Visitor: 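Let me give you the structure first, and then I'll get to my questions.
Remember, predicted model here, so these are calculated numbers, not experimental data. In what follows, every chain begins at residue 1, and chains take the letters A, B, ... in the order their sequences are listed.
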Amino acid sequence: MRIVNDIAVELATYLEEDVADVVMNLSSPPRPEMGDVAFPCFRLAKRFRKSPQDIANDLKTRFETEERDAAVELLAKIERIETAGGYLNFFIKRDYLARSIIRESIEGGDRPGTSSEGEGKTVIVEYSSPNIAKPFHVGHGFSTFLGEAVANLYEYGGYNVERFNHLGDYGTQFGKLIVAWKLWGDADALQESPIDELTRIYVKFHDVAENNPELENEARAAFGRLEQGGKDELALWQQFRDVSLREFNRIYERLGIHFDNTNGESFYSPMIPAVVDELKEKNLLIESEGAQVVDLEEFGLNPCLILKSDGSTIYASRDIASILYRKREYEFYKNIYVVGIPQKNHFNQVFAVMEKMGFPNPESNMHVAFGTVKFADGAFSTRTGNVIILEDLLDTSVAKTRAIIEENNPTMESVEIDDIAEKIGVGAVRYTFLRNGRERDIVFSWEDVLDFEGESAPYLLYTVTRCASLERRAPESLLERVQQIGDEELELLVSDDEQELLKEISRFPASVISARESHEPSVMMRQVMTIARAFNAFYHNAHILRAENEALGAARLVLAQVVGRTISAGLRIAGIEPVERM
RNA sequence: GGGCAUAUAGCUCAGUUGGAUAGAGCAACAGCCUUCUAAGCUGUCGGUCGUAGGUUCGAGUCCUACUAUGCUCGCCA
């Protein structure tokens, strides 16, 4: 709400403080009957040597008697000012509040609260990053959904976003796969169901290696040959990579996610010698137990391993190479890694090495960490097959959605149901990963993911369909009136329900900014949920198409449209596609 | 043992740079479909904010210690 800023400007003038500082202190009272905007005066008590209550009273008087034009103009929009226990509470005129919030929201069109703050700035978001030859389970889903939402949040702020999928396509694990394939591989099975076959031999490798430790050495040797460009190894690696990528792309297609860059670890590996040279040149590399490390004691971290004792590379060296490459090619403003919490230490080390190398703005590299998806009795494990494949979860969710739609809409055509069930079912899964703070672990439960009541994506989508349905059913004359809605009509939205809803709508843009700055889509998600709840209460209590008079009906329909557009915008940022009916 | 997280209602979680009577959803219970979609709405029940100190006019929020849990601590990623 712009008037909040106007109030802050006045207060700042009276108190001779920065407007920004005053804005920070303004808040909303806990209950609507206490006002719309609150200013706590406690911290001013020392400065003025008065009680907060007295200061609040002085400010109230000052507001009410000030004769400057700006102040008079502002006061005209304020119903009254009250003081209560050290708080200065402003009651904004309801008609003004209704008109200004709706106008402000309409200005944003389908993207309310969008901005151009990021113009000319490139942000790299690395996310998803599955490992070749391993199943795409719901743990990868977390990175995929969170990363996409973070990328969307930056785009919404006008940034140029580069979506990176840092494929895990290199490392000792491929040595293991190569060895395992030569021992037990089945070419037909690989064509039939590549990930299953690769997982099978990978699991078998670990089983057998437990009693035959020399297999591990063979695997390391095989990876060494791969890195040296060995023909056999390279051909196998390429094949494993191709078949895996085919499966991953099917999932990304379904999710509507498109990466700008899918260079995996293998892409950066050849750049490592240059990194090693640079580290040597800067005297940062020291030998330790046969390996090459960078000491990070000054950062309170353990040494970062750059080259293993056999001279082959490791993930830290690949990540360092990738940062240098990205800076060179993209001149990024931020380089964001959406990777699980367990790798926090790793990224701290890598970023510390960057700082030691004299990398400009080392804090532009950041780790956006997220919690672990696990079962009640422990973490997922590919080796034991104790995982939930993301596609299975999506299919189950879509199937359940379909059953509900069929029950509620006996006449709906099958193709339409397919389309809607897919969007809602997938949306419900995505929402599960975005609803809470990202660093929280998720204990997987079918029951929770498939609960479509209360705080859920279907609830939000249902609210959107209610708004859409109103528009479909509205008579032509009302729609025309809505097209050219006037201030005098919008000013009719003064009931408690309407005012509450309006205030929640007005908070959406700030929630998007906050979500972006903290890389927490949940912040925006919650605001959207609050708007939906407020709308559903309003919808239940008030008639819209059958309002007391047409002017009020038109205003309420505009309100419903604004709600629909705002929730839809939030859903799209979350990667969830709104539907018209369900 | 060192480091980093986390601890709020029976369960899953919010709680804005420290501010007014700590909030949602689920579960349980009681209501609301002849009325714009009941995947909805309303109400009831439910809390020593892990424990103990400290800072402050004021602490769920900041500091210290402790307890519990999780992650991590070079040749996997």
Side-chain angles (χ1 to χ4, degrees), chain A residues 21 24-25 27-31 34 38 40-43 45-46 51-52 84-87 89 129 131 168 170-173 176 216 219-220 265 288-293 300-310 312 314-316 318-319 339-346 348-349 369 371-372 374 379 401 404-405 407-409 424 428 435-437 439-443 445 447-448 451-463 465-466 468-474 510-511 514 522-523 526 529-530 533 536-537 539-547 553 556-557 560 581-582:
Chain A
D21 289 343
M24 290 288 277
N25 278 289
S27 61
S28 319
R31 287 187 309 286
M34 300 167 82
C41 301
F42 306 96
R43 66 181 177 85
K46 273 211 180 92
S51 75
Y87 284 90
N89 292 330
S129 310
N131 291 324
Y170 226 48
T172 311
Q173 50 173 332
K176 294 178 184 176
E216 300 273 0
R220 268 191 284 277
E265 296 175 75
S288 164
E289 299 169 35
Q292 299 291 320
V293 304
L301 296 166
N302 292 316
C304 182
L305 188 67
I306 301 293
L307 284 179
K308 296 190 275 192
S309 43
D310 66 1
S312 63
I314 191 164
Y315 58 109
R318 291 195 279 272
D319 274 334
V339 178
I341 290 177
Q343 294 201 42
K344 195 145 225 161
N345 186 59
H346 162 68
N348 284 339
Q349 289 184 319
T372 307
K374 52 192 176 187
T401 305
I404 297 174
I405 298 174
E407 198 184 321
N408 293 346
N409 306 274
I424 298 175
R435 60 188 298 184
N436 293 329
E439 301 217 2
R440 289 200 96 99
D441 287 349
I442 294 180
V443 177
S445 133
E447 205 186 325
D448 289 349
D451 182 1
F452 294 167
E453 279 164 25
E455 284 181 0
S456 66
Y459 179 93
L460 296 173
L461 291 165
Y462 184 75
T463 308
T465 62
R466 278 184 156 174
S469 170
L470 287 166
E471 219 168 322
R472 267 200 311 275
R473 288 170 166 273
S511 79
S514 169
S522 63
V523 170
R526 276 174 202 289
M529 183 58 66
T530 306
R533 261 201 298 271
N536 282 321
Y539 177 91
H540 186 263
N541 294 332
H543 295 303
I544 297 169
L545 300 181
R546 292 177 293 107
R556 284 177 174 168
L557 189 51
R581 55 184 99 213
M582 62 191 275

Visitor: Taking any heavy-atom pair under 4.0 Å as a contact, classify A:I314: base, sugar-phosphate, or nothing.
Guide: sugar-phosphate

Visitor: In whole Å, I'd like the distance from the CG atom of A:N25 to the P atom of B:G18.
Guide: 11 Å

Visitor: Would you classify A:A316 as touching base, sugar-phosphate or nothing, given that sugar-phosphate means primed atoms plus P, OP1 and OP2, and contacts are heavy atoms under 4.0 Å?
Guide: nothing

Visitor: Students often get this wrong, so: under 4.0 angstrom with heavy atoms, is A:D448 touching a base, only sugar-phosphate, or nothing?
Guide: nothing

Visitor: Please give the nucleotide sitting opposite B:C71 as a Watson-Crick or G-U wobble pair, both distances under 3.5 Å, or none.
Guide: B:G3

Visitor: Using only side-chain N and O atoms of A:R435, determine if any of them is under 4.0 Å from OP1 or OP2 of B:A14.
Guide: no

Visitor: Find the distance A:R533:CZ to B:C13:C1' and express it as a whole number of Å.
Guide: 12 Å

Visitor: Has the side chain of A:T463 got a donor or acceptor that lies under 3.5 Å from a partner of the other kind on the base of B:G40?
Guide: no

Visitor: What interatomic distance, in whole Å, is found between C1' of B:G25 and the corresponding atom of B:U69?
Guide: 25 Å

Visitor: What's the closest nucleotide to the side chain of A:K308 if the choices are B:C41, B:C76, B:C13?
Guide: B:C76

Visitor: Report the nucleotide, chosen from B:C76, B:G40, B:G74, that has the shortest atom-to-atom distance to any side-chain atom of A:N536.
Guide: B:G40

Visitor: Is there a donor on the side chain of A:S309 or the base of B:C75 sitting less than 3.5 Å from an acceptor on the other?
Guide: yes

Visitor: Would you mind classifying the nucleic acid contact of A:A291 as base, sugar-phosphate or nothing, using non-hydrogen atoms under 4.0 angstrom?
Guide: base

Visitor: Which value, in whole Å, describes the distance between the C1' atoms of nucleotides B:G54 and B:G46?
Guide: 32 Å

Visitor: Okay, side chain of A:N89, backbone of A:A38: is any donor-acceptor separation there less than 3.5 Å?
Guide: no

Visitor: Which atom names give the shortest non-hydrogen contact between A:E265 and A:Y170, and what distance separates them?
Guide: CB-CB, 3.8 Å

Visitor: Given B:G40, B:C75, B:U12, identify the nucleotide with an atom nearest to the side chain of A:Y462.
Guide: B:G40

Visitor: Does the B:A20 base have a donor-acceptor partner in the side chain of A:N89 within less than 3.5 Å?
Guide: yes

Visitor: If you look at every strand shown and take non-hydrogen atoms under 4.0 Å, does A:G171 touch a base, only sugar-phosphate, or nothing?
Guide: sugar-phosphate

Visitor: Would you sort out whether A:R581 and A:N409 count as a side chain to side chain contact (heavy atoms under 4.5 Å, CB included), showing the intermediate values?
Guide: CA-CA 10 Å; A:R581 55 184 99 213; A:N409 306 274; over 6 Å; no

Visitor: Take A:V339 and A:H346 through the test side chain to side chain contact (heavy atoms under 4.5 Å, CB included) and record every step on the way to the result.
Guide: CA-CA 11 Å; A:V339 178; A:H346 162 68; over 6 Å; no

Visitor: Using the C1' atom as the point on both nucleotides, what is the distance between B:U55 and B:C62, in whole Å?
Guide: 8 Å

Visitor: Counting only side-chain heavy atoms from C-beta out, which of B:C76, B:A39, B:U37 sits nearest to A:T401?
Guide: B:A39

Visitor: Just how far, in rounded Å, is C1' of B:G25 from CD of A:E447?
Guide: 14 Å

Visitor: Nearest-Å distance, CG (A:D310) to P (B:G74)?
Guide: 17 Å

Visitor: Say we look at B:G47 and B:A22: how far apart would their P atoms be, to the nearest angstrom?
Guide: 13 Å

Visitor: Starting at atom CG of A:N541, determine the distance to atom P of B:C36, rounded to an integer number of angstrom.
Guide: 15 Å

Visitor: From the set B:C36, B:C73, B:A77, return the single nucleotide nearest to any side-chain atom of A:Y539.
Guide: B:C36

Visitor: Could you tell me whether a side-chain N or O of A:S288 sits under 3.5 Å from a main-chain N or O of A:A291, the two making a donor and an acceptor?
Guide: no

Visitor: Under 4.0 Å: is that the gap between some side-chain N or O of A:Y459 and OP1 or OP2 of B:A38?
Guide: no

Visitor: What is the glycosidic conformation of B:C66: syn, defined as within 90° of 0, or anti?
Guide: anti

Visitor: Has the side chain of A:R440 got a donor or acceptor atom sitting under 3.5 Å from an opposite partner on the base of B:U6?
Guide: no

Visitor: When both hydrogen-bonding distances must be under 3.5 Å and the geometry is Watson-Crick or G-U wobble, what is B:U21 paired with, if anything?
Guide: none

Visitor: With a 3.5 Å cut-off and heavy atoms only, can you find an N or O donor on one side and an acceptor on the other between the side chain of A:Y315 and the base of B:A77?
Guide: yes

Visitor: For B:C73, does OP1 or OP2 lie under 4.0 Å from any side-chain N or O of A:K344?
Guide: no

Visitor: OP1, OP2 of B:U37 versus side-chain N and O of A:T465: anything below 4.0 Å?
Guide: no

Visitor: What integer number of Å spans the P atoms of B:A9 and B:A52?
Guide: 16 Å

Visitor: With C1' as the reference atom in both, quote the distance from B:C29 to B:C45 in angstrom, rounded to an integer.
Guide: 8 Å

Visitor: Is B:G74 syn or is it anti, if syn means the base angle is within 90 degrees of 0?
Guide: syn

Visitor: Is there a side-chain polar atom (N or O) of A:R220 under 4.0 Å from OP1 or OP2 of B:C76?
Guide: yes

Visitor: Need the pair for B:C62. Rule: Watson-Crick or G-U wobble, both distances under 3.5 Å, any strand; none if unpaired.
Guide: B:G54

Visitor: Just checking, is any N or O donor in the side chain of A:T463 or A:N536 under 3.5 Å from an acceptor N or O on the other one?
Guide: yes

Visitor: Please report the distance, rounded to the nearest Å, between CD in A:E455 and P in B:C11.
Guide: 17 Å

Visitor: Look at the side-chain N and O atoms of A:R43 and state whether any lies under 4.0 Å from the OP1 or OP2 oxygen of B:C57.
Guide: no

Visitor: Could you measure between the two P atoms, the one in B:C49 and the one in B:U61, and give it in whole Å?
Guide: 10 Å

Visitor: Counting just side-chain N and O atoms, does A:N408 come under 4.0 Å of either OP1 or OP2 of B:A39?
Guide: yes

Visitor: Rounded to the nearest Å, what distance is computed from the CG atom of residue A:N436 to the P atom of nucleotide B:U12?
Guide: 11 Å

Visitor: Checking all strands, does A:M529 fall into the base, sugar-phosphate, or nothing category for heavy-atom contacts under 4.0 angstrom?
Guide: nothing

Visitor: Taking the same atom, P, in B:A5 and in B:C63, what whole-Å distance lies between them?
Guide: 10 Å

Visitor: Examine distances only and state if a side-chain atom of A:R526 and a backbone atom of A:R435 form a donor-acceptor pair shorter than 3.5 Å.
Guide: yes

Visitor: Go through it in stages, so that I can follow the logic: the residues are A:N345 and A:L301, the test is side chain to side chain contact (heavy atoms under 4.5 Å, CB included), and I'd like the CA-CA distance, side-chain angles, deciding distance and then a yes or no.
Guide: CA-CA 8 Å; A:N345 186 59; A:L301 296 166; 4.1 Å; yes

Visitor: What does A:L461 touch in the nucleic acid at a heavy-atom separation under 4.0 angstrom: a base, only the sugar-phosphate, or nothing?
Guide: nothing

